[in-house]
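Beneath this line is the structure, given in structure tokens, with notes to follow.
Being a predicted model, the structure only gives us computed values, none of them experimental. Sequence positions, counted from 1, serve as the residue numbers for this chain.
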Amino acid sequence: QVQLVESGGGSVQTGGSLRLSCEVSGSIFSINVMGWHRQAPGKQRELVADITSRGITNYADSVKGRFTISRDIAKNTVYLQMSSLNPEDTAIYYCFTNLDDLYARRVYDAWGQGTQVTVSS
């Protein structure tokens, strides 16, 4: 099974920026889609952004124009550049992927452990 390791979370003030990273490792695989979900206290988990194998991006309306998702294919890593952060962005951010595990010959989803992002007013 693959592993997803997230980094870059932390605490910032309103208007600040953070960049989240998520690296996939542990097998030989082809990624179909990678992205980020988040879950704030008392709210449902929601999609933040994702990017397909062809580089097509998708964003939640609440983050359009402020967040940018990108990937480094050679490093099996997805990034989320977050700018103009506000308290509404406070949540646990979870990296996810759907991939074709070429060693196991299976297609499946995988999730990171989550990283806390806190934005103070």
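- Taking the six-membered ring for Trp and thresholds of 30 and 60 degrees, H37 and F96 have ring planes more than 60 degrees apart, a perpendicular arrangement.
- Heavy atoms only, all atoms of each residue included: S84 and D89 are closest at O-OD2, 4.4 Å.
- Shortest non-hydrogen contact noted between C95 and E6 is N-OE2, 2.6 Å.
- Clustering ILVMFWY residues whenever any of their side-chain heavy atoms sit less than 4.5 angstrom apart, transitively, puts I31 in a cluster other than the one holding Y79.
- Side-chain contact between P87 and T14: present, with at least one pair of heavy atoms (C-beta onward) separated by less than 4.5 Å.
- L4 contributes atom CG, which lies 10.0 Å from atom CG of N76 (distance to the nearest 0.5 angstrom).
- Residue T77 comes nearest to S21 through the heavy atom pair CG2-CB, 4.5 Å, listed as atom of the first residue, atom of the second, then distance.
- Separation of atoms CD1 (I51) and CG (L80) is listed at 11.0 Å; rounding is to 0.5 Å.
- By the neighbour-count criterion of 12 heavy atoms within 6.0 Å, atom CD of Q13 is sparsely surrounded, having that number or fewer from other residues, nucleotides or ligands.
- Distance CE/M34 to OG/S70: 10.5 Å, rounded to 0.5 Å.
- Under a hydrophobic-cluster definition in which Ile, Leu, Val, Met, Phe, Trp and Tyr are linked whenever side-chain heavy atoms come within less than 4.5 Å, directly or via other members, W36 and V117 are assigned to the same cluster.
- Across all their heavy atoms, D101 and Y103 have their closest contact at OD1-N, 3.0 Å.
- Annotation for L18 and G8: closest pair CD2-O, 3.7 Å, computed over non-hydrogen atoms.
- Placement of F67 and V12 within a single hydrophobic cluster is found when ILVMFWY residues are connected by side-chain heavy-atom separations under 4.5 Å, directly or transitively.
- Of the possible polar contacts, one joining the T90 side chain to the V119 backbone as a donor-acceptor pair under 3.5 Å is found.
- Here the side chains of E46 and R38 are in contact, with some heavy-atom distance below 4.5 Å.
- By the criterion of side-chain heavy atoms lying less than 4.5 angstrom apart, applied directly or through intervening Ile, Leu, Val, Met, Phe, Trp or Tyr residues, L20 is grouped together with Y59 in one hydrophobic cluster.
- Criterion: ILVMFWY side-chain heavy atoms under 4.5 Å apart, direct or through other members. Under it, I69 and L99 are part of a common hydrophobic cluster.
- Nearest approach of S17 to Q81, heavy atoms of both residues: CB-NE2, 4.1 Å.
- Side-chain atoms of T97 come within 3.5 Å of backbone atoms of V33 as a donor-acceptor pair (strictly under, hydrogens ignored).
- Annotation: Y108, atom OH; neighbour count of heavy atoms from other residues, nucleotides and ligands within 6.0 Å is above 12.
- Within the model, atoms CD1 of I28 and CG of L102 stand 7.0 Å from one another, a figure rounded to the nearest 0.5 Å.
- S53 OG to R71 CZ: the interatomic distance, rounded to the nearest 0.5 Å, is 7.0 Å.
- For the atom pair S25 OG and K75 NZ, the distance stands at 14.5 Å (nearest 0.5 Å).
- No donor-acceptor pair closer than 3.5 Å links the side chain of E23 to the backbone N or O of V5.
- Other residues, nucleotides and ligands contribute only 12 or fewer heavy atoms inside 6.0 Å of the CD atom of Q113.
- Atom CD of E88 sits in a sparse spot, with 12 or fewer heavy atoms from other residues, nucleotides or ligands closer than 6.0 Å.
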